[in-house]
Amino acid sequence: MPQDMPPSGGYEAVQYKRNLPARGFRPATLLGAAGVIMLYGWYKLTLGIREQNEYAREKMWSRIHLIPVLQAEEDRDQVRRHLADQAREKELMGENFKVYHGDRYVRPTYAVTPGEVSK
Amino acid sequence: MAARKSVFNQQVLYDTTPLPDSIPKVKEVGASSAPLLSASFFIGARCKDYNDDYMQCKNENPGKGEFECLKEGRRVTRCARSVIDDINKSCLEQFRSHWACLEDNNHQLWQCRPAEWKLNKCVFENLKLEKVVPDQPQNSTPVHLRKTQIYAHRSILRGEPFIPEKNQTPSS
């Protein structure tokens with residue numbers, strides 16, 4: 001029995017590639033465009049950050065000018081409360097106890113509440 | 001819930017004992033945050049020496065500055081008071097419009113430039129105090145003189161930045 005043989009001259013090439021045209025820009029162009037957009041974004045971001053830095057500097061200096069005023073007022077109030085506290089202690093206990101080792105001023109954790117609330 | 005009486009610290013902790021007579025009295029500044037912020041650069045311009053003295057005293061007396069620096073503190077307060085009083089006397093309208101604007105804009109200085117320029121002009125002409133933000137980069141417009149600002153809610157349509165003339169730079 002005659003055997004099946006390839007056709008004379010061989011089989012035709014099997015077309016396994018899709019032969020579609022490549023759409024759009026070349027990858028290098030796309031990459032370049034993305035880079036340009038990114039650079040523009042960074043440029044605007046830099047401008048924004050620099051402006052924010054200046055706002056922050058302005059705010060910081062306004063606060064620096066105010067700190068002595070605010071701190072002086074607070075200190076006077078603390079001194080007033082401390083002296084009143086010491087006088088009250090002296091009146092109640094007869095003497096002032098030294099509660100801390102050292103003579104640094106320590107902001108009081110507890111406050112004496114007067115018996116009847118004024119105001 | 002309603003049976004429990006609410007306790008507010010600011011009432012209970014109210015200690016009205018005044019300072020003893022051995023410590024001189026001084027009238028407090030008594031301005032709230034927006035007027036203080038609005039006047040801060042003028043306070044800084046006039047009271048720089050007093051402020052520096054006070055901060056140096058506090059720095060040299062750690063832990064005791066509250067008592068040692070009362071004198072310097074009184075000077076600081078008196079000086080700041082004098083600035084605010086002077087602004088109130090000569091530039092009340094501009095001052096009010098600026099700090100009202102700050103109040104309305106979350107205390108963001110850059111939202112209130114037109115009002116600020118008017119105030120700066122008035123204060124410079126009457127009190128010879130100038131707003132200067134130190135340490136800014138040399139190659140750009142100082143931040144408080146810019147007409148275009150990225151982060152402002154509104155663009156500045158009217159108003160010119162106030163730049164004091166260089167030949168009459170104030171001495172203090």
Side-chain angles (χ1 to χ4, degrees), chain A residues 41 43-91 100-119, chain B residues 9 11-20 23 26 28-29 33 36-45 47-48 50-55 58 62-67 69-70 72-77 79-81 107-110 132-137 140 142-144 146 149-151:
Chain A
Y43 168 69
K44 296 299 272 187
L45 181 70
T46 314
L47 292 186
I49 289 176
R50 283 190 186 154
E51 187 157 329
Q52 276 186 333
N53 288 347
E54 295 312 311
Y55 293 157
R57 194 196 309 280
E58 189 187 21
K59 183 180 169 186
M60 203 103 71
W61 273 102
S62 77
R63 191 71 190 184
I64 287 172
H65 293 319
L66 287 180
I67 278 176
V69 188
L70 303 173
Q71 187 68 47
E73 183 170 344
E74 172 71 12
D75 279 2
R76 265 195 301 279
D77 193 50
Q78 289 297 329
V79 168
R80 180 179 71 80
R81 283 167 186 272
H82 179 77
L83 294 179
D85 225 25
Q86 295 291 308
R88 211 178 289 124
E89 188 183 359
K90 186 131 188 161
E91 190 191 333
Y100 295 109
H101 179 70
D103 55 354
R104 289 177 68 98
Y105 170 72
V106 182
R107 276 183 74 122
T109 314
Y110 304 106
V112 179
T113 54
E116 58 271 14
V117 178
S118 60
K119 288 192 183 177
Chain B
N9 281 348
Q11 283 180 332
V12 174
L13 302 182
Y14 210 92
D15 189 353
T16 48
T17 320
L19 274 172
I23 298 173
V26 65
E28 298 293 354
V29 172
S33 55
L36 278 177
L37 175 63
S38 173
S40 61
F41 282 93
F42 308 125
I43 292 176
C47 309
K48 184 167 183 303
Y50 296 115
N51 288 354
D52 288 352
D53 270 357
Y54 175 73
M55 292 319 272
K58 290 281 284 184
K64 302 194 293 291
E66 284 84 352
F67 299 92
C69 304
L70 282 173
E72 284 81 356
R74 283 193 295 274
R75 286 180 184 154
V76 164
T77 304
C79 180
R81 248 196 100 79
H107 285 217
Q108 290 171 333
L109 286 164
W110 63 91
V132 178
V133 185
D135 300 338
Q136 295 207 81
S140 64
V143 67
H144 61 290
R146 291 180 191 170
Q149 300 180 108
I150 302 170
Y151 292 93

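Below, chains carry the letters A, B, ... as their sequence lines are ordered, and counting in each starts from 1.
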State, yes or no, whether a side-chain contact exists between B:F67 and A:D103 at a heavy-atom distance under 4.5 Å. no

Looking just at side-chain N and O atoms, do B:T77 and A:R76 make a donor-acceptor pair shorter than 3.5 Å? yes

Between A:E54 and B:V133, is there a side-chain heavy-atom distance shorter than 4.5 Å? no

Which atoms of B:D52 come close to chain A, meaning under 4.5 Å heavy atom to heavy atom: side chain ones, backbone ones, both, or neither? neither

Are B:W110 and A:E51 close enough that some pair of their side-chain heavy atoms sits under 4.5 Å apart? no

Let me see the working for A:K44 and B:I150 under side chain to side chain contact (heavy atoms under 4.5 Å, CB included), right down to the final yes or no. CA-CA 10 Å; A:K44 296 299 272 187; B:I150 302 170; over 6 Å; no

Side chain, backbone, both or neither: which part of B:R74 has a heavy atom under 4.5 Å from chain A? both

Segment of A:L70 engaging chain B (4.5 angstrom heavy-atom cut-off): side chain

With chain B, which of A:A84, A:P68, A:S62 has the greatest number of heavy-atom pairs at distances under 4.5 Å? A:P68

For each of A:R88, A:K59, A:M60, tally heavy-atom pairs with chain B at distances under 4.5 Å, and name the one with the top tally. A:R88

Against chain B, work out which of A:E73, A:Q78, A:E58, A:H65 has the most heavy-atom pairs shorter than 4.5 Å and name it. A:E58

Between B:C47, B:P142, B:A39, B:P137, which residue shows the highest count of heavy-atom pairs closer than 4.5 Å to chain A? B:P137

Structural part of B:L36 lying under 4.5 Å from a heavy atom of chain A: both

If you measure from CD on B:E66 to CZ on A:R80, what distance do you get to the nearest 0.5 Å? 14.5 Å

Answer yes or no: is there a side-chain heavy-atom contact under 4.5 Å between B:P20 and A:L83? yes

Given that the side chain runs from C-beta out, which part of A:R50 has a heavy atom under 4.5 Å from chain B: side chain, backbone, both or neither? neither

So with a 6.0 Å cut-off around OH of A:Y105, is the heavy-atom count from everything else above 12? yes

Can you tell me how far CD1 of A:I64 sits from NZ of B:K48, rounded to the nearest 0.5 angstrom? 11.0 Å

Would a 4.5 Å heavy-atom cut-off, applied to side chains only, mark A:W61 and B:P134 as touching? yes

Could you tell me which portion of A:E74 (side chain, backbone, both or neither) has an atom closer than 4.5 angstrom to a non-hydrogen atom of chain B? neither

B:E72 portion near chain A, given a 4.5 angstrom heavy-atom threshold: neither

Verify the neighbour count for atom NZ of B:K64: are there more than 12 heavy atoms of other residues, nucleotides or ligands below 6.0 Å? yes

Taking every heavy atom of B:D135 against every heavy atom of A:R57, the minimum-distance pair comes out as O-NH1, 2.9 Å

In terms of relative ring orientation, are B:Y151 and A:Y55 parallel, tilted or perpendicular, with 30° and 60° separating the classes? perpendicular

Euclidean distance, B:S140 OG relative to A:L47 CG, rounded to 0.5 Å: 11.0 Å

About how many Å separate CG of A:D77 and CD of B:E28, when rounded to the nearest 0.5 Å? 8.0 Å

